[in-house]
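The structure under discussion appears below in the form of C-alpha cells.
Quick note on labels: first sequence line is chain A, next is B, and so on, each numbered from 1.
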Amino acid sequence: MPHIRSMSGNAVIAEAAIAAGCRFFAGYPITPSSEIAAVLAEELPKVGGVFLQMEDEIAAMGAIIGASLGGMKTMTATSGPGFSLKQENLGFACMAEVPCVVVNVMRGGPSTGLPTLPAQGDVMQARWGTHGDHPIIVLYPADLTEMYHQTVRAFNLAEQYRTPVILLSDELLGHMSERVEIPDAADLTIVNRRKPDVPPEQYLPYDVRRELVPPMANFFEGYRYHVTGLTHDETGFPTEDPDLAEAQLRRLMLKVSANADDILEWEEDGLADAEIAIFAYGAAARSVREAIAELRSLGVRAGLFRPITLWPFPDKALHLAVSRAGALFVVEMNMGQMIREVERSIRHIPIIGVHKVSGQPIDPDEIVFTVRDYLENGTLPRNAVYQMSV
Amino acid sequence: MGDTKIPNPKSQNPNLPSPLGRGAGGEGRYELRFSGEGGQGIILGGSILAEAAILHQGKYAVQSPQYGSRVRGGPTKVDVIVSDSPILYPRATKIDFFLALAQMSYNQYATDLADDAVLLVDANLVPHVIENGHVIHRLPIVEIAKIELDNEVLSNSVALGAVVALTGIVSHEAAWNAIEARVPAKAREINRRAFERGLEAAELCPTKPVK
C-alpha cells in the first residue's frame with residue numbers, strides 16, 4: 001500500500017534518492033534546488049550516508065564522480081548557473097562511464113536570470129551542455145508521485161548503463177506541494193551496477209569485447225585501474241589509436257541508443273481520436289492537460305504526448321502517437337527548444353509552438369486560446385482525418 | 001487547554017457556505033490565495049492547509065508558492081487548491097478566498113478573484129481594498145499575534161484559524177493536527193492559542209458583503 005504524504009517536489013527527490021540507495025550527496029546551494037540539499041543534509045547521516053557541501057558546483061560534480069568510483073550511489077542537485085558549472089565534469093563522467101545523478105531544478109535564465117521563478121530553458125543544455133558527442137539520459141517528470149518513481153529510475157539507469165543521468169525539474173514542481181503516493185520500499189525495483197566476475201589481476205575496466213556496458217569494479221575492493229577523460233583503451237590508459245577511438249565513442253553512444261526501448265518512457269492521453277496533438281513535458285504538461293479538458297469540452301479533439309524521457313528523444317513513439325493528428329502544438333516554458341527536435345522528427349503536419357519566458361507558468365487558457373485561434377484563422381493542413389469542429 | 005476538542009465549523013456555524021461544490025474551477029474545487037510579506041509565514045501557512053486537506057480530510061490539494069529574491073520584506077503569495085480530484089495546473093485562476101497581510105501584496109496579487117470571492121485582509125496593514133461586491137472581512141491578524149500573544153511569528157497561525165473558520169475548507173481539528181505536526185513541542189501551546197484566537201475573531205465577522 002502506498003503511503004500518502006503532502007510533500008514538495010524537492011523533498012520528494014531527496015527522499016526517493018535515499019530509497020534508491022543514494023548514500024552520497026555533494027552540492028552547493030542554489031535556488032530553487034536548495035531544499036534537496038537541506039533534506040539530504042538532515043536525512044543522509046541517519047542512514048549512514050555522507051552529505052558534503054562543497055566550495056562550488058564544479059567541486060560538487062567532481063565529488064560525486066569520485067564517490068561513485070568508490071562504490072556509492074551519488075547525486076548532486078543544482079539550477080541553471082550551477083548546471084553550467086557542472087558541464088565539464090559531467091563530460092568526464094560520460095567518458096569514464098561513472099554512474100551518477102545530476103538534478104537540475106530549472107529557473108529563468110540565462111545567467112542568474114529569475115532565481116525564484118520557473119522555466120524550461122535548460123532542456124537542450126541537458127542534452128548538449130558538455131562538449132563532444134556523448135551519451136546522456138534525461139528524465140523529466142510532471143507530477144510529484146511520478147517524481148518519486150523517476151528519481152529512483154534515474155539511479156537505476158545510471159547504474160545499469162554506467163552513465164550520468166540528468167533528472168530535470170523546475171521551480172514550479174520543486175517548490176509546490178501536493179498529494180504524493182510514496183511506494184513501499186519492497187515494491188521498488190533497485191538496480192545495482194554489475195561488478196567484475198574476474199580476479200583483480202585479470203580485470204580490464206573497459207573490456208567491451210562481449211558487452212556494451214563493461215562491469216565496474218569499485219575502488220578499495222582490491223581492483224586497481226586507471227580513470228581518465230582522455231580517449232582510452234580497455235585498460236583505461238589513454239590511446240590515440242584511430243580504430244580504438246572510433247570504436248569507443250561509437251560504443252558510448254550505442255549504450256544509450258541501443259537500449260532506448262528500456263530507457264524511453266512517455267505518456268499519451270487522448271491521442272486516438274485527436275485532431276490536435278500537443279507535445280509538452282514537465283510543469284508545462286500540467287497546463288496542457290487542463291487545456292485539453294477545456295478544449296474537449298468545446299468540441300476540439302485534443303490529445304497529449306508527454307515525454308518523460310526527454311533524451312534520448314522518443315522519435316518512434318511520437319511518430320506513432322501523432323500519426324492521425326492534423327497539427328502538433330509544442331508547449332514549453334522557453335523560447336522554443338524541444339520544438340526543434342519535434343520539427344526534425346515530425347514532418348507531415350504543421351507544428352506550432354506555444355512559448356513563454358516571463359517566469360510565470362503557462363496558463364491553460366493561453367493554450368486553449370492559441371489552439372482555437374489556429375483552428376479558426378490558421379492554414380489548415382490537407383489531411384483526411386482532419387475535421388474542423390469549432 | 002491542549003486537549004480541548006476543537007469543534008467542526010459545520011456544526012458550530014451552519015450558516016457558513018459549504019466550500020466544496022461552489023468552487024470556480026469545476027465541481028469540488030476551491031481556490032485560496034494567501035499573500036503577505038516575506039517572513040510572515042504565509043507560504044508555510046499554505047503548506048499546512050494543504051497538509052490538513054490531504055492528510056486529514058482525504059482530499060487532493062496543491063500548494064504553490066511564489067516569491068522573489070528578497071529574503072524578507074518582498075511580496076509573497078501562495079496558492080492552495082483543494083479538490084475532490086487530482087489538480088493539474090497548480091496555480092489559482094479563479095480565487096474563492098483571498099488573504100492579504102500586507103498592502104503591497106494585496107496590490108500585486110489580488111487578481112483572478114471569482115465574482116463571489118471572499119476576502120480577508122489585515123485590518124491595520126491593508127487599509128485600501130477595492131470593493132467589487134466581494135465579501136470583505138477585516139481582522140487585526142498581525143496585531144493579535146504581536147500585541148495580544150506577544151509574538152508576530154504567530155501571525156500565520158492566527159490567520160489559519162480565521163481562514164478555517166471563514167471557509168470551512170478543512171475541519172478545525174484537521175487544521176490543528178496539521179499545525180501541530182509542524183511546530184516544535186515547546187511552541188505547541190502558544191500556536192494553539194493563536195489558532196483559537198483566529199477562529200474566535202472570525203466567528204464575529206459579518207457574513208454579508210461589506211458595501
Side-chain angles (χ1 to χ4, degrees), chain A residues 3-11 30-32 35 107-108 112-118 142-146 170-182 269 280 282-294 297 304 306 331 358-368, chain B residues 24-27 29 31 34 38 43-71 74-94 108-109 111-112 170 174-175 177-179 181-182:
Chain A
H3 182 57
I4 304 301
R5 303 264 301 273
S6 171
M7 294 172 79
S8 75
N10 284 344
I30 181 170
T31 302
E35 295 82 7
R107 65 192 224 181
T112 37
L114 297 165
T116 63
L117 300 175
D143 71 62
L144 302 189
T145 298
E146 186 176 85
D170 50 66
E171 191 275 336
L172 201 65
L173 295 176
H175 281 162
M176 67 175 261
S177 297
E178 69 181 348
R179 181 181 181 277
V180 185
E181 294 180 11
I182 306 285
D269 192 14
R286 300 177 72 110
S287 305
V288 168
R289 292 191 68 143
E290 203 151 312
I292 285 172
E294 173 71 11
S297 76
L304 170 70
R306 179 172 69 88
V331 178
S358 64
Q360 296 301 314
I362 300 173
D363 191 310
D365 283 348
E366 297 175 81
I367 301 162
V368 170
Chain B
E27 278 299 301
R29 183 182 170 109
E31 300 189 352
F34 302 167
I43 290 176
L44 175 60
S47 291
I48 290 172
L49 184 61
E51 283 157 18
I54 293 169
L55 302 178
H56 303 295
Q57 303 262 223
K59 300 278 185 194
Y60 290 88
V62 298
Q63 171 263 21
S64 182
Q66 184 181 339
Y67 53 88
S69 295
R70 285 166 69 178
V71 176
T76 66
K77 75 163 163 76
V78 61
D79 290 349
V80 180
I81 305 172
V82 180
S83 176
D84 293 330
S85 53
I87 298 143
L88 302 170
Y89 185 61
R91 290 280 167 86
T93 52
K94 237 181 175 183
Q108 187 162 339
Y109 294 127
T111 56
D112 305 314
V170 295
N177 287 341
I179 295 172
R182 280 281 194 154

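- Between A:S287 and A:I367 the shortest side-chain heavy-atom distance falls below 4.5 Å.
- The heavy-atom pair separating A:R286 from A:A142 by the smallest distance is NH1-O, 3.0 Å.
- Using a 4.5 Å heavy-atom threshold, the side chains of B:E31 and B:D79 count as separate.
- Annotation: maximal heavy-atom pairing with chain B below 4.5 Å, among A:L172, A:V288, A:D365, occurs at A:L172.
- Inspection of the A:H175 and B:Q66 side chains reveals no N or O donor paired with an N or O acceptor under 3.5 Å.
- Looking at B:I87, the atoms closer than 4.5 Å to chain A (heavy atoms on both sides) all sit in the backbone: N, CA, C or O.
- Contact of A:L173 with chain B is not made at all, since no heavy-atom distance falls under 4.5 Å.
- For A:L117, the part sitting under 4.5 Å from any heavy atom of chain B is the side chain, from C-beta outward, and nothing else.
- The shortest side-chain heavy-atom distance between A:S6 and B:Q63 does not fall under the 4.5 Å cut-off.
- No other option in A:P364, A:S8, A:A293 has as many heavy-atom pairs under 4.5 Å with chain B as A:P364.
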